[in-house]
Every structure is written in C-alpha cells, then in structure tokens.
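Only one structure is covered here, and it is reproduced in the block below.
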Amino acid sequence: MYNVFDTEIFGVILTILFFNIGIYIQKKTNKPIFNPLLIAILGIILFLSITKIPYESYKLGGDRINFFLGPVTIVLAVPLYKQFDLFKKYLLEILIGISCGVVVSFISIKLIGHFTNADVDIINSLIPKSITTPMGISLTKTLNGVEAITVVSIILTGILGAIISPIVFKIGKINNPVAKGIALGTSAHALGTTKALEMGEVEGAMSGLSIGISGIITVILIPIIINFM
C-alpha cells in the first residue's frame, strides 16, 4: 500500500512548511531569538513526536535537501564578485582575521574539552563547528569523530551566531561592514551569512568569502596541528 510518509516529498514539504512558519514568526516578532531554522527544527521534532512518524521516513526528504547544501554555498560567491575590489583592498586583514578565528575556535574547543574531561572523539566532533556542514562532515571523518554530533554542533553554532551577533557588534562597537562579515562567516558559516546579508551587501559578501577560506584553512590546518600535539 502506498504511504506518502515513506517518500522523499514528505520530508521536503515538511521542512519547507516549518521553515516558512519560522520566517513568518520572525517577521511578526522581529526578534533574533526566533530564528527560522531553530523554529523549523523544534517544529519538526515536535510534529514527528506527536504523530509517531519515524525519523527515518522524514530523513528520506531531509537527505535530498542536504544534498543541495554544497551547491547553495557556492552561490554565496555572487555577492563577493560584486565586492571584489573591496576584497583586494583588505586582503591581508581578511586573511589574518579568518586565520585568527579558526585558531581561536580550535583552541577554545580543546580547552573546554580538557577542563570537562570530554572524550577525544567528542572533542574532535566539535572542532568543525564553525564551518559548513559538507566540510565539517568531511573533517570529522578524518578526525574519527561522531558525524551526528558534528552536524548538531554546526547547526547550533550557526543559529547562536545569527542570534547574538547584533548584540556582540553593539557591545563591541563594531561598525565596519567588512569586520562584521568576516566575523559572521568565520564563526557562524552559512547561517551567519544569512544574517550578514540582512545587514548589508558588503557584510554578506565578506561573510560568504569567510565561509570558503575558513573551511579550507580548518580542513587543511587542523589535522596537521592535531598530529603534532
């Protein structure tokens, strides 16, 4: 017997439905805490729990959406193309800023893991938290981490970055659009970039640039550092 819940279309429609509900709530409240992705995640979890629909049924469509994460990330290069002269002007500052962000992220995870006596595989799973999901999954496999933990940490990092970034910029009196974009892209990957695009085209372009550079630096540099530790 045909069951719509066991098809890819079910997961796709459910995701789009709850994400649009999240967008509607955010526009109505105008509060950063009501992040559309966060609302979609909580809504889908609640829906599957109430209806007793197996996660595996939803995952069929979820995997289809996940397939497009890589290509969608590449699209973020369009704003950068429009701001390429700005990129060349601040090339050194951008590279130093992104590199510092990657190193600080790595050190903070190692220190937290050390003081909490976390297992090595847990620590290694959290190291890719600030890069995009495709790169993060690739890195966690290299480090023998837990893929599920990596995915959750990446999502939570992006949501948290998008929510608190306006507060951090205000407290730190950070007004330079290039600095804002670099900070968001390096720390909160694609979700941070969506917030950067809301702030302005320059912020979005610099954030999109940071996603690629920080991801490449993390994937190449971190395994080398760990091997020498």
Side-chain angles (χ1 to χ4, degrees), residues 66 69-77 79-80 83-84 86-162 165 168 174 176 178-193 195-196 203-229:
N66 187 59
L69 285 177
V72 167
T73 303
I74 301 301
V75 173
L76 295 173
L80 173 62
Q83 302 292 334
F84 193 71
L86 197 61
F87 164 63
K88 291 189 293 184
K89 180 179 179 181
Y90 293 103
L91 176 61
L92 182 60
E93 292 87 345
I94 289 172
L95 293 178
I96 292 175
I98 294 174
S99 299
C100 288
V102 170
V103 173
V104 168
S105 175
F106 172 72
I107 293 175
S108 65
I109 289 298
K110 296 295 287 186
L111 288 176
I112 292 172
H114 173 74
F115 288 118
T116 58
N117 294 317
D119 294 336
V120 175
D121 56 342
I122 299 298
I123 296 174
N124 289 344
S125 302
L126 295 174
I127 288 175
K129 66 178 180 59
S130 293
I131 60 179
T132 59
T133 303
M135 286 185 170
I137 291 175
S138 175
L139 179 58
T140 201
K141 288 179 179 178
T142 301
L143 301 178
N144 296 317
V146 182
E147 184 177 322
I149 295 177
T150 298
V151 172
V152 171
S153 67
I154 289 173
I155 293 173
L156 291 179
T157 299
I159 292 174
L160 185 61
S165 57
V168 173
I174 301 172
N176 188 294
V178 175
K180 288 182 177 180
I182 296 300
L184 276 166
T186 303
S187 62
H189 50 83
L191 291 175
T193 300
K195 187 64 180 180
E203 289 90 334
M206 294 301 107
S207 185
L209 167 71
S210 301
I211 292 176
I213 295 179
S214 63
I216 292 171
I217 292 175
T218 302
V219 170
I220 295 176
L221 186 62
I222 297 306
I224 297 175
I225 294 176
I226 291 177
N227 286 335
F228 281 96
M229 293 181 66

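Just so it is clear, the model here is predicted, and its values are computed rather than measured.
Of the possible donor and acceptor atoms, one in the side chain of Asn176 sits under 3.5 Å from a partner among the backbone N and O of Val178. Checked by atom type and distance alone, the side chain of Ser153 pairs as donor or acceptor with a backbone atom of Thr150 at under 3.5 Å. Within the 3.5 Å criterion, the main-chain N or O of Gly204 finds no donor-acceptor partner in the side chain of Thr193.
Under the 4.5 Å side-chain criterion, counting only non-hydrogen atoms from C-beta, Met135 is in contact with Ile216. Contact of the Met206 side chain with the Ile94 side chain is registered, since non-hydrogen atoms from C-beta on lie closer than 4.5 Å. Two residues are said to be in side-chain contact when any heavy atoms from C-beta on lie closer than 4.5 Å; Ile226 and Asn124 meet this criterion. At least one side-chain heavy atom of Leu191 sits less than 4.5 Å from a side-chain heavy atom of Ile159.
The minimum heavy-atom distance between Ser125 and Thr140, with the atom names listed, is CA-OG1, 3.7 Å. Scanning all heavy atoms of the two residues, the minimum distance from Lys129 to Ser105 falls at NZ-OG, 3.3 Å. Taking every heavy atom of both residues into account, Gly181 and Ser210 meet most closely at O-OG, 4.0 Å. In plain terms, the two heavy atoms of Ser214 and Ile131 that are nearest each other are O-CG2, 4.0 Å. Summarising the geometry of Thr218 relative to Val102, their closest heavy-atom pair is OG1-CG1, 3.4 Å, with the distance given to 0.1 Å.
Taking OG1 of Thr157 as the start and CG of Leu126 as the end, the distance is 8.0 Å to the nearest 0.5 Å. Atom CD1 in Ile217 sits 7.0 Å away from atom CG in Leu95 (nearest 0.5 Å). Of the inter-residue distances, the one linking Phe106 atom CZ with Leu221 atom CG reads 8.5 Å to the nearest 0.5 angstrom. Residue Ile220 holds its CD1 atom at 11.0 Å from CG of Leu139, rounded to the nearest 0.5 Å.
Checked against Val151 for a side-chain contact (heavy atoms from CB on, under 4.5 Å), the options Ile149, Ile155, Ile154 give a single hit: Ile155.
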